[in-house]
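Step one of this worksheet: look at the structure below.
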Amino acid sequence: MASPTVSGTRPGTEGATRRVRRQLPTSPWLFAAPGLLITGAFILYPFVSTLVNSFTDRRTLVPGEFVGLANFRELLHDDMFWTGLRNSTLYVLGVVPALVLLPLLLALLVQKNIPGITFFRSAFYTPVVASIVVVGLIWVWLLDERGLVNSLLETVGAGRIGFLSDQWLILLSAMAVTVWKGLGYYMIIYLAALANVPRELHEAAAVDGAGAIRRFLTVTVPAVRSTMVLVAALSSVAAFKVFSEVYLMAGPSGGPAGEDTTLVMLVQRTGTGLTGRVGYASAISVVVFVVTVALMLLVLRADRKEES
């Protein structure tokens, strides 16, 4: 008569269990390998390569030699670099406040479940999924000297406005495109945050006599403050690295005399082509990376300071 197995272990499974245990240490790495390879090939390697190239005089068809901090010293005396830094900084200052506040107000408008609200949510989100090239070309056609906006202004007796020929109007027009395209994306983030705000808080504030504006300032804003910090961090990084909107509005030259050039446009212009200065463009890229990291740290530090 066969003896009963110990602890309910079925006969023949002990060896299989031992084999599984021997395979476990390597199995997770096999599952993670595709993601690690993609990350290494398209993120880690380009980052390290850019960092190394920033200390060389490499060109497109020339390997280059080590030059130390020469590229970074040249940046300090490059007027176009300071122009790009100025425009990128102004872009952050102009875009981020709008992308923090306007999507929140938009989310409050479409939060309620009323008939037809799904249509408006979809309409507000449509620019997000549209190609930035298509969006940029539509706005160029609208704001051109012979575009729809100027035609309407001329119809009502106002003069034509050089949206795409004036240095500052080009930058403002590109900011408007960025805000318009990003509204729906950040609206969805705010909708998820607003869904977690207890309704009892609004009801209690209403009982105390608080109006809509006071409830917004004392209930809604504190409840979604962490989300506002997230939106500020994401939009700051995206705004500082802006390329497509300004490129489409101002053209490859960066507007009149290149005065609307951003840092990323300068990287593209300097580091591409048969005679591209890859080393110098890499140095500009390193500066962009450092500034974007600094922006995120500033936003997070301001949030922690406010919490304390």
Side-chain angles (χ1 to χ4, degrees), residues 78-106 123-187 231-232 234-270 272 284 287-288 291-292 295:
D78 187 352
D79 293 336
M80 190 55 66
F81 167 76
W82 292 108
T83 298
L85 182 61
R86 178 201 65 192
N87 291 332
S88 297
T89 303
L90 290 176
Y91 215 89
V92 172
L93 296 177
V95 166
V96 172
L99 285 179
V100 171
L101 182 59
L102 294 181
L104 176 57
L105 299 177
L106 197 62
F124 293 143
Y125 191 76
T126 299
V128 178
V129 298
S131 169
I132 183 59
V133 176
V134 174
V135 170
L137 290 176
I138 291 174
W139 278 81
V140 168
W141 293 335
L142 289 174
L143 301 178
D144 190 67
E145 290 287 343
R146 299 178 179 274
L148 179 62
V149 175
N150 275 316
S151 298
L152 292 176
L153 290 175
E154 194 172 40
T155 301
V156 299
R160 294 179 179 267
I161 300 177
F163 292 106
L164 304 181
S165 57
D166 181 81
Q167 170 189 346
W168 300 112
L169 289 180
I170 290 175
L171 208 59
L172 290 174
S173 300
M175 291 179 186
V177 175
T178 299
V179 172
W180 180 74
K181 194 177 189 310
L183 280 176
Y185 177 77
Y186 297 114
M187 177 194 73
V231 171
L234 293 176
S235 58
S236 296
V237 173
F240 194 80
K241 298 191 301 180
V242 65
F243 172 78
S244 301
E245 294 90 325
V246 181
Y247 186 86
L248 292 170
M249 292 285 178
S253 60
E259 287 297 323
D260 290 298
T261 300
T262 64
L263 283 181
V264 178
M265 290 179 64
L266 187 60
V267 171
Q268 183 268 341
R269 187 188 309 165
T270 305
T272 57
I284 303 174
V287 173
V288 173
V291 174
T292 52
L295 283 173

Cationic N near anionic O, under 4.0 Å, R160 to E154 | yes
Taking the side chain as every heavy atom from C-beta outward, state whether L93 and P97 have any pair of such atoms under 4.5 Å apart.
-> no
Is there side-chain contact between D260 and S253, with heavy atoms separated by less than 4.5 Å?
-> no
Do L148 and W141 touch side chain to side chain, with heavy atoms closer than 4.5 Å?
-> no
Within 6.0 Å of OH in Y185, more than 12 heavy atoms from elsewhere = no
Could you give the distance from CG (L171) to CE (M249), rounded to the nearest 0.5 Å?
-> 11.0 Å
How many angstroms lie between atom CG of L142 and atom CH2 of W139, to the nearest 0.5 angstrom?
-> 7.0 Å
Enter the distance from W168:CH2 to M175:CE here, rounded to the nearest 0.5 Å.
-> 9.0 Å
Can you tell me how far the CG atom of L234 sits from the CG atom of L99, to the nearest 0.5 Å?
-> 10.5 Å
CG/N150 to CG/L143 distance, rounded to the nearest 0.5 angstrom?
-> 8.0 Å
Any side-chain donor-acceptor pair under 3.5 Å between T261 and R269?
-> yes
Going by heavy atoms in the side chains, are S151 and R146 under 4.5 Å from each other?
-> no
Qualifying residue for side chain to side chain contact (heavy atoms under 4.5 Å, CB included) with S131, from V135, V129, V134 = V134
Got L85 and L263 here, is their nearest side-chain heavy-atom distance under 4.5 Å?
-> yes
With the side chain counted from C-beta on, respond yes when V179 and Y186 share a heavy-atom pair under 4.5 Å apart, and no when they do not.
-> no
From L101 atom CG to L106 atom CG, the distance as rounded to the nearest 0.5 Å | 11.0 Å
Applying side chain to side chain donor-acceptor pair (under 3.5 Å), which residue pairs with at least one partner in residues 86-104 are found, sequence neighbours left out?
-> R86-E259, Y91-T178
If a pair satisfies ring pair (Phe, Tyr, Trp, His ring centres under 6.0 Å) and one of its residues is in residues 240-260, list it, with sequence neighbours excluded.
-> F243-Y247
Is T270 reaching over with its side chain to a backbone N or O of V267, donor-acceptor style, under 3.5 angstrom?
-> no
Heavy atoms, side chains only, cut-off 4.5 Å: are I132 and K181 in contact?
-> yes
